Amino acid sequence: MSATVATTVPRRSRHAHGRSATLAGTGTLVRFMLRRDRIKLPAWVGGMGLYVVYIGAALPVLAPTEEDLAAVTPMLEQPVGRMFTGPAYGMDSPTYETFFAGGYAPYLFLIAALMSIMLVTRHLRVEEQTGRAELVRANVTGRHAPLTAALVVALITNAVAAVVVSVLAMAYGFGAEGSWLVGVGTGTTGLAFAGVAAVTVQLAEHSRSAAGMAGAVLAGAYVLRALGDMAAVGGSALSWVSPLGWPAQTAPYVLDRWWPLLLHLALAVAGAVAAYALQARRDLGAGLLSARPGAPYARPALGTPLGLAARLQRGAVIGWGVGILAIGAVDGAFTDVMADSVESMPAAVQEMFGMEALVNGYLAFLAVFTGYLTAAYVVFAVQGLRSEEGSGRAEAVLATSTSRTAWVGSHLLVIAAGAALISVVTGLGTGLAVATVMDDWALLGEVLWAHLNLLPAVLVVLGLCAVLFGWAPPLLAPVGWAVVGLMIFVGNFGELLDLPDWIASLSPLSHPAQIPAEEFAAGPLVVLAALAVVGVALGLLGFRRREVQAR
Amino acid sequence: MSGSAPVISASGLVKTFGKTRALDGLDLEVAQGEVHGYLGPNGAGKSTTMRVLLGMLRPDEGRVRMLGGDPWADAVALHARLAYVPGDVELWPNLTGGEAIDLLARLRGHFDRARRDELCERFQLDPTKKARTYSKGNRQKVALISALASDVELLLLDEPTAGLDPLMEVVFQQAIREAKEAGRTVLLSSHILAQVEVLADRISIVRQGTVVETGSLRDLRHMTRTTVIADLGRPADGLGRLAGVHELTTDEDGQVRFQVDGDHVDEVVRALAPLGVRALVAHPPTLEQLLMRHYGDAVEPRDEPVEVAR
């Protein structure tokens, strides 16, 4: 039979290399991925390292003695603190190392998870979506090679991150075993979420949906951990359900137990196994969940520049708005905890400020905090204009009878309305939380008013972004984010560091009255609003004069 | 050409990006109601011309009028009268194709809903899919359908069929003919020669930011040589001495092959007649040959100066 001749070679190779055939080219792909990420991955890992260096250096400055440390520990030990950080192991007798592990390490876990989700999505789903995967797979590259290579790269990156974090923590004299636990816990958290993302990239046809699903798992893990840890010191059952709870349950420098990290490894392996199984069942480029069909016709509202801007900006307003509202409401709900802690402060302090003044100061700070975040939303949203322009979509709209003023103006108007909406909703949500826990409904109005009072200051940031977009578009991102950074810095540390007035006055949020701690003042608001309007007008003028940038 | 004012008239356009001269003294004239092929290799300045016509870019030098207005200053008013299809269509990933079609058409002004649906049908586009799921060809269809369904005088099409398959190419050609019948003017940039050959009334060939030739296909063909392949009964010794005959070759079977200048075809045909012609193939220059004269490395030296039509 001719088959004997024809199949000799393939059969032998299939027999001998049955498994490796689907993995052919993995090594090359690993090197290729590392090469493509030669800036990104070192930046992520370097960022984690810098974070450890910064915290290690800052702790002795913030709290030079053990008494100082003990004084700030309630921040982490109270339910609200536990919600944001972790189960608060060892906070009864805090040291720098337990403070580092309890208060700051949880962010390392979060960063590692985000890094791994993005790494896996970038190398698998984005590649398939763009068709580049096809180009690669058309060569001598096995079906499972890209997935294997991406997981290997995730393993390498997280291993390096683990070593960097551990070594830097030990460099500050933190205990070796605890430091290794923090570092390895960071790495295994990353691996676990690499496993999650390996599954979601099989499910969704598009990278954004895939990353979104993995991100939702991460968000869910965060919420479960937060609720679980809020319930009790040392966490509760809910903490143990969350992959973000596991590394905290190793209790570095306190109990130093390794076995919770086995759960991460199990999750990573389960994710990988599921991903291989799913991948073997689907076509290249296809997802297991198909995209839903949408509207065949545009609704009438979409046919105007304003309607388009509203549609395009909608997602950002909702996303940022929900996040800011959640933070505001949670912070608001802890006003009574804050008030109780005032009672435990030295009598002299209480006398100096008075209980009411301290509560009012806290409420005013909540509004300022919303102010930073809303300003960040504004900078983010205006950058959407840059991507519209860079992608050529702006050109498609401007090639219709839509004027440049109408195009930019609609977007800026929608962003301004979005910022106002976020202020109102967050003001209401925070106020409601404050009023409930303090059992004083007058506070609802005050908190809302405090939020609205800062809106003109936030709109100054919009004006600035408009000017940058109109006249110097490449500066939009760096300058915009720098201003947000400055606002946060001035707001958080301005008084603590005794900054010169001129630096503090650079932040638009420094100018409005600190309601409810201070009396309302209309003057600054008028000036800020005028600045915002001038900025927007100048920005529109600039965009009319400049060329539309091509890809 | 009709007597009315040209729809597009540009002269001496210069546009530089850093050291690159994207447009280098470009002249272009498009008459009312014609399909004007705008032909050139990649990077010749076709897209830059389009973007100047759209008022996205301001030329460094030169004068440009479109539909009686200034593309930069009167952009909005002019855009109500034209539709543009970019070469590389980018859409909003979370809008469906149908939404994008309607959106762009409505932003232009008038559009024909029935025609839009008919075009979706003809181009076989599913308008319910999100734009992020579309291939390049489907994104191109979205922009084309939106433009063709709009009630406009001028269509600016920048390599509009780069991602379309041959069947869709036929649909596209039919749609352009319908646009022409409806009295629309079309500026069709392309490097697909066959497409321009089929559709265009007149052609401008652009190279390195300059229009090197303009005219109807016939005019341009006149300037180049017809290729003749003939099976002759008698030796063709005399042919090579005739004026306008180039590159004469004869193979063992007696087949003669040569090129003849457009203005000498008549004499050559007379000279062939008594030589016992058994088979004769004469074909006009293809656009490839036209372009080769300007871009090819294998260009013979020209005996006459290039005529730049204005």
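Every value quoted in this text rests on a predicted model; they were computed, and no experiment measured them. Numbers restart at 1 for each chain; the letters A, B, ... are given by sequence-line order, proteins then strands.
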Is B/L54 in contact with chain A via its backbone, its side chain, both, or neither, using a 4.5 Å heavy-atom distance?
side chain
Any side-chain donor-acceptor pair under 3.5 Å between B/S190 and B/Y38?
no
Residues of residues 110-123 of chain B with a heavy atom under 4.5 Å from any heavy atom of chain A, in residue-number order, are B/R113, B/R116, B/D117
Checking side-chain polar atoms at under 3.5 Å, does A/T141 have a donor or acceptor matched by the opposite partner on A/N139?
no
Polar contact flag, side-chain donor to acceptor under 3.5 angstrom, B/S189-B/D158
yes
Nearest atoms (heavy-atom pairs only) where A/A419 meets A/Y377
N-CE2, 3.8 Å
Return the minimal non-hydrogen interatomic distance between B/A147 and B/V85, and the atom names on each side.
CB-CG2, 3.6 Å
Taking only heavy atoms into account, what residues of residues 63-78 of chain B are found under 4.5 Å from chain A?
B/W72, B/V76
When only pairs under 4.5 Å are counted, which of B/S135, B/P93, B/A83, B/G98 shares the most heavy-atom pairs with chain A?
B/G98
Residue pair B/S204 / B/H36, side-chain donor-acceptor N/O under 3.5 Å
yes
B/W92 vs B/E99, test: side chain to side chain donor-acceptor pair (under 3.5 Å). Steps then yes/no.
CA-CA 10 Å; B/W92 299 274; B/E99 286 178 316; over 6 Å; no
A/W407 ring center near A/F543 ring center (under 6.0 Å)
yes
Please walk me through it: do A/Q279 and A/R143 pass side chain to side chain donor-acceptor pair (under 3.5 Å)?
CA-CA 8 Å; A/Q279 184 158 269; A/R143 172 185 311 283; over 6 Å; no
Non-neighbouring partners of B/Y134 that pass ring pair (Phe, Tyr, Trp, His ring centres under 6.0 Å), sequence neighbours left out
none
Option that, when pairs with chain A are counted at under 4.5 Å, heavy atom only, ranks first among B/R58, B/R81, B/K129, B/R132:
B/R132
So does B/R184 pair up with B/E153, basic N to acidic O under 4.0 Å?
no
With only heavy atoms counted, which part of A/T402 is less than 4.5 Å from chain B, the side chain, the backbone, both or neither?
both
What are the residues of residues 171-178 of chain B, in order of number, with any heavy atom under 4.5 angstrom from a heavy atom of chain A?
none
Basic-acidic side-chain contact under 4.0 Å: B/R51, A/E547:
no
Does a salt bridge link A/R137 with A/E134, judged by any charged N lying under 4.0 Å from a carboxylate O?
no
In terms of heavy-atom contacts, A/A210 and A/R125 come closest through CB-CG, 4.2 Å
Do we see a donor-acceptor contact under 3.5 Å between the side chains of B/R108 and B/S146?
yes
